[in-house]
Engineer: 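Before I ask anything, here is the structure I am working with.
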Amino acid sequence: MTPERVVRMEAARDQPPNAEPASIRAAVDVRSAALTVIAILAIMMVLRIAAAMVIPIVLGVLISYALEPIVVWMERHHLPRPISAAIVLAVLVAGSCWLVYSLRFEGQAIVEKLPQAARRVRHALENQRPTNTRAIQQVQNAATELEKAATAAATPPPTPPGVTRVQVESAPFNVTDYLLWGSIGLVAAMGQILLVLFLVFFLLASGDLYKRKLVKIVGPSLSRKKITLQILADIDRQIETFLLVEVFTSLLVAIATWLVFTWIGLEQAAVWGVLAGIFNSIPYFGPFVVAAGTAAVGLMQFGSIRMALLVSVLSLVITTVEGLLLTPWLTSRAMRMNAVAIFIGLLFWGWVWNIWGMLLAVPMLMVIKAICDRVEDFQQIGELLGE
C-alpha cells in the first residue's frame, strides 16, 4: 500500500460522516482581479498596435545582451567602451552584408529554377498517379455540370429599352506600382534596421548606466542596494548565457544542414542552411517549417518523393539532435522552461507580432523568467514558466 493511500485512509477515518469536502480558501479581491485583467488586455492591445515601435526596441535589447560579453572583454583590454561597441557592430554589419552578398547568386538561381522545378513536380506527380482515374473523372464531370447550372441560374435579366449595360473590369496588373510598393517596404525595413543598430550601440556604450540608476531608485539602504545589484547581475548572466547558447546552436544547425545537403547533392545548400539556422530559434514550428520547405525543394530538384522524404528526414534529425541533446547539455536547469509555457508563449507572441513574435518568443520568455525568479512578488510566475 502506497504512503499516499495510507494518508487518504487516515484522513477519511478522522473526518466526520457529514463533513464538508476539504477545500482551500483564497482571499481574492474581485476589484483588483478585474483591474489586473483589464490592464493585461490593454497591454496586449498596445503591444499589437505599437509593434512597429516595440519590436525594434526588443531586438535592440536582446542583441545588446548577446554582444555584451564581447564588449566587456574588449574593455578589459583597455579599449574604451564606445569604441568597443562601434567595432563589434561594424564587424556584425560587415559579416551580415558579406553573407547576403555571397548568397545572392544562389538566391537568384532558386528564383530562376522555379518554373522548371514546377514542371518537374507535375511530371513526378503524374508518373506516380494511379491508373484508375474513373472516380476522379466522375467528380470532375459533376463539377462541370454544377458550374453550367450555376451559370444558367445567374444569367442577368434582359436590359430594358434605353438602358446601356455597363461592365466593370478590374485594372490590369501594374508592374511599376508593385515595384514602387516593394521599394517603399525595403526602405522602411532598412530604416528599422538602422534604428536597431543605433539602439544597440547606445545600450552597449552606456554600460551599467541603468543598473546604477535602478540601484539609486531602490533607496538609500546599503542592504537593498546590494540585493538589487545581485539580482541584476544574476539576471544579466542568465539572459546572456541563454542568448549565447541560442546563437551557438543556430550556427551549428546552419553549418550541419549546409554540409549534409551538400553531401546529398542538394543545390543551393548554403541558402537552406542559413534558413535552417534562423528558423531553429522557433521551437516546434521552426524545424517542421524547414523540413516541409526542404522536402518541397528535394521534390523539385530530384523529382522523386523518396528523395524529398530523405531531405526532410535529414533536416529533422539535425534539429532533433540539437534540441534533445546539445541544448539541454549547454543550459542549466534554471534556464529551462516547460514545454507548455513555451508553446503558449509562441501562440501568444505569434498572434501579437506574427513571425517576429515567434522568433522573439523564447528569448522574451527567458527574460521574463529570469526577472520573475529573482523578484519575490513574481516568483510564482517564474515557477509556472520553469520545469
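Just so you know, these numbers come straight off a predicted model, no measurement behind them.
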Engineer: Tell me whether the count of non-hydrogen atoms from other residues, nucleotides or ligands lying under 6.0 Å of CD in Gln379 goes above 12.
Structural biologist: yes
Engineer: Taking Arg81 for its side chain and Ser206 for its backbone only, find out whether a donor-acceptor pair lies under 3.5 Å.
Structural biologist: no
Engineer: In the single-linkage hydrophobic clustering (I, L, V, M, F, W, Y; side-chain heavy atoms under 4.5 Å), do Tyr65 and Ile371 co-cluster?
Structural biologist: yes
Engineer: To the closest 0.5 Å, what do you measure between CG (Leu384) and SG (Cys372)?
Structural biologist: 9.5 Å
Engineer: Locate the shortest heavy-atom distance separating Ser312 from Ala291; write the atom from each residue and the value.
Structural biologist: OG-O, 3.3 Å
Engineer: Indicate if Ile344 and Met366 have the same hydrophobic cluster label, given that clusters are the connected sets of ILVMFWY residues with side-chain heavy-atom separations under 4.5 angstrom.
Structural biologist: no
Engineer: If you measure from CZ on Phe198 to CD1 on Ile193, what distance do you get to the nearest 0.5 Å?
Structural biologist: 13.5 Å
Engineer: What distance do Leu359 atom CG and Met364 atom CE have between them, rounded to the nearest 0.5 Å?
Structural biologist: 10.0 Å
Engineer: What closest approach, in Å, do Pro82 and Ala205 show between heavy atoms, and which atom pair accounts for it?
Structural biologist: CA-CB, 4.1 Å
Engineer: Kindly give the heavy-atom pair with the smallest separation between Ala66 and Leu244, and that separation in Å.
Structural biologist: O-CD2, 3.7 Å
Engineer: Rounded to the nearest 0.5 Å, how far does CD of Gln192 lie from CH2 of Trp356?
Structural biologist: 9.5 Å
Engineer: Tell me whether Leu309 is reachable from Phe288 by hopping between hydrophobic residues (I, L, V, M, F, W, Y) whose side-chain heavy atoms are closer than 4.5 Å.
Structural biologist: no
Engineer: Under 3.5 Å, which donor-acceptor pairs link side chains of residues 345-355 to any protein atom two or more places apart or in another chain?
Structural biologist:
from   : atom 1 : to    : atom 2 : distance (Å)
Trp353 : NE1    : Leu47 : O      : 2.8

Engineer: Considering only distance and modelled atom types, tabulate donor-acceptor pairs under 3.5 Å from the side chains of residues 251-264, sequence neighbours left out.
Structural biologist:
from   : atom 1 : to     : atom 2 : distance (Å)
Thr257 : OG1    : Val253 : O      : 2.7
Thr262 : OG1    : Trp258 : O      : 2.6

Engineer: Give me the atom names and distance for the closest heavy-atom approach of Leu275 to Val290.
Structural biologist: O-CG2, 4.3 Å
Engineer: Grouping I, L, V, M, F, W and Y whenever their side-chain heavy atoms are under 4.5 Å apart, do Ile87 and Val72 come out in a common cluster?
Structural biologist: no
Engineer: When rounded to the nearest 0.5 angstrom, what distance separates CG in Asp373 from CD1 in Ile368?
Structural biologist: 11.5 Å
Engineer: OG1 of Thr36 to CG of Leu41: how many Å apart, nearest 0.5 Å?
Structural biologist: 11.0 Å
Engineer: Looking only at heavy atoms, which two atoms of Leu365 and Ala341 are closest? And how far apart?
Structural biologist: CD1-O, 3.9 Å
Engineer: Among the clusters formed by ILVMFWY side chains lying less than 4.5 Å apart, do Ile70 and Phe201 turn up in the same one?
Structural biologist: yes
Engineer: Within the side chain of Ser315, is there an N or O that forms a donor-acceptor pair under 3.5 Å with the backbone of Val311?
Structural biologist: no
Engineer: Which heavy atom of Leu204 sits nearest to which heavy atom of Ala85, and what is that distance?
Structural biologist: CB-CB, 3.6 Å
Engineer: Compile the donor-acceptor pairs under 3.5 Å between side chains in residues 55-63 and protein atoms, sequence neighbours left out, one pair per line.
Structural biologist:
none

